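The structure appears right after this line, and notes come after that.
Labels below follow one simple rule: chain letters A, B, ... track the order of the sequence lines, proteins then strands, and each chain is numbered from 1. Just so we're clear, the structure is a prediction, and the values are computed from it rather than from any experiment. Any value given below was found using the heavy atoms of this structure, including those in side chains, with hydrogens, waters and symmetry copies removed.
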2 protein chains.
Amino acid sequence: MQTKSTEDYLKIIYGLGEDRDTVTTSAIAEELRISSPSVSDMIKKLYESQYISYTPYYGVRLTKKGERIALKIIRRHRLLEVFLMKFLNFPWELVHDEAERLEHVISDEFEDRLDALLGWPQYDPHGDPIPTKDGLVEKLEVLRLSDLEVGDRVSITKVTDSRPLLEFIKRMGLGLNHTLAIKTKESFDGSMVIRAGRKDHFVSREVSQNIYVRKVN
Amino acid sequence: MQTKSTEDYLKIIYGLGEDRDTVTTSAIAEELRISSPSVSDMIKKLYESQYISYTPYYGVRLTKKGERIALKIIRRHRLLEVFLMKFLNFPWELVHDEAERLEHVISDEFEDRLDALLGWPQYDPHGDPIPTKDGLVEKLEVLRLSDLEVGDRVSITKVTDSRPLLEFIKRMGLGLNHTLAIKTKESFDGSMVIRAGRKDHFVSREVSQNIYVRKVN
DNA sequence: TTATTATTTTAGGTTAGTCTAAAATAATTA
DNA sequence: TAATTATTTTAGACTAACCTAAAATAATAA
Ligand SMILES: [Mn+2]
Ligand SMILES: [Mn+2]
Ligand SMILES: [Mn+2]
Ligand SMILES: [Mn+2]
């Protein structure tokens, strides 16, 4: 049985490993807000337990065993987020922190029963796919709002699960499955004016890079 | 912010303090399955944090501050138990262990929203009263099945939350609010034959002491 | 290719929460 | 009341998970 810390490390390594291929000590340290020496230490332990493969001074990568655990925790996290929104009416910017703690203490039994209560959902409230019980995750077609051009009409399929971003999107009155059109796009900084419903909004590239969309019409 | 351990100690001390007036090191050690020296150690810390008052070699007692925390955790525990039964359909003998871990990680926000989802319940699945948010607990009239006599008809109002006992009661087809009549009672060991529905059951004093009832008719 | 800079690891330390063995104290029995 | 027994505390140790400061290594720039 792993600890909360182990689980958080593996989960973060999984997340970071989605873009980069090998994950550095400092990337983990930054993500977990833990000092690099501490991370270095923990890496050795994770390596000894065969959760990761590891080349000193180079980086880290999940083993099958490590990935299995990471995906299990991610599954729990996302199921919990769905529950928190659907049953407890938490706003979407708060579910993450709550799930972050609960994910470590629920049993397999709880996980299964919750899954059933929720009707076996496939996505979490931010559009992230929920891994299956045997560790399969849908690989999403990712198209960032920032990559689109003036005139494009799109629907929001996923957003980065970051509290300030979610609050911002909410203030614009937007959310998953909302459609919007791009009215202007500055070439030098990528900022846009988008039209959603009857309102125009200014969004920086910072924001548009973290809103994932699919084209409509 | 207290840790899981602190919370478990305070909760156990509260429970033990309900009968005895002052709680001993060994009682805590036994309940928590931790060695006496460890408990002795922790007692010093709890004392320094002013969660308990304490006389060496004699015993321990919650302060107002300690009791407040204990009741908060008990409140969470019992609310969670209700949720686990009502929404996740856990059997009543399994909810305790699950709640035991969850109680330490939910936020105030979660607690409030859960309370509302459940319709502000007053009792947990074992008949124990749920403390209010400001730390009030109903003091139950306790009448043990073991104290009653042949001919008495009673309704079950509360049972001790212990897995083997709950399984046993369940196997007899009994539960909270079920009525039963006492058919025989041995004076030398207190064992009884009770009639519930169309069936007779043999219950030892061990069991009848842990079933709380109220007389009917 | 050497020097500087950035990253990572090692060394040494801390805190919380546990343990076993031994000493201190209190309670019980003779 | 003295001796024995039971309980509690102290002493000394361990593990997990963190930290800062310093050393080692790798990457980059001169
Ligand atoms: Mn977490
Ligand atoms: Mn999410
Ligand atoms: Mn607990
Ligand atoms: Mn209960």
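- At C:dT9, one or more side-chain N or O atoms of A:Thr25 fall inside 4.0 Å of OP1 or OP2 (strictly under the cut-off).
- When rounded to the nearest whole Å, the span between CD1 of A:Ile28 and P of D:dA17 equals 15 Å.
- Of the side-chain N and O atoms in A:Ser5, one or more sit less than 4.0 angstrom from OP1 or OP2 of D:dC18.
- For C:dC19, the OP1/OP2 oxygens have a side-chain nitrogen or oxygen of B:Ser38 closer than 4.0 Å.
- Between the CD1 atom of B:Ile43 and the C1' atom of D:dT9 there is a distance of 10 Å, given to the nearest Å.
- With rounding to whole Å, A:Glu30 atom CD is found 13 Å from C:dT7 atom C1'.
- In this structure, B:Leu46 atom CG and C:dT18 atom P are separated by 11 Å, rounded to whole Å.
- Across all their heavy atoms, B:Ser146 and B:Lys185 have their closest contact at O-NZ, 3.0 Å.
- Classification of the B:Tyr47-B:Tyr54 ring pair by plane angle, with boundaries at 30° and 60°, yields perpendicular.
- If you check the side chains of B:Asp124 and B:His77, you find no donor sitting under 3.5 Å from an acceptor.
- Look at A:Thr3 and you'll find a side-chain N or O under 4.0 angstrom from OP1 or OP2 of D:dA17.
- A sub-4.0 Å separation between OP1 or OP2 of D:dT10 and a side-chain N or O of B:Lys44 is present.
- To the nearest angstrom, P of D:dT15 lies 20 Å from CD of A:Gln2.
- Contact annotation: B:Ser26 does not reach the phosphate of D:dA6 (side-chain N/O to OP1 or OP2, under 4.0 Å).
- Separating the OH atom of B:Tyr58 from the C1' atom of D:dT7 is a distance of 15 Å, rounded to the nearest angstrom.
- Note: CG (B:Asp8) to P (C:dA16) measures 17 Å, nearest angstrom.
- Nearer the 5' end of DNA chain D, as judged by each residue's closest nucleotide, is the contact made by B:Ser40, out of A:Tyr57 and B:Ser40.
- Side-chain polar atoms of B:His126 and B:Glu81 form a donor-acceptor pair below 3.5 angstrom.
- Looking at the side chain of A:Tyr9, the nearest of the listed nucleotides C:dT10, C:dC19, D:dC18 is D:dC18.
- Taking the six-membered ring where tryptophan is involved, the planes of A:Phe83 and B:Phe110 are tilted, since the angle between them lies from 30° to 60°.
- Taking atom CE of B:Met42 as the reference point, atom P of D:dT8 lies 18 Å away to the nearest angstrom.
- Comparing A:Thr6 and B:Pro56 by the nucleotide of DNA chain D whose heavy atom lies nearest to each, the residue mapping closer to the 5' end is B:Pro56.
- Taking every side-chain heavy atom of B:Ser35 into account, C:dT20 is the closest of C:dG17, D:dT20, C:dT20.
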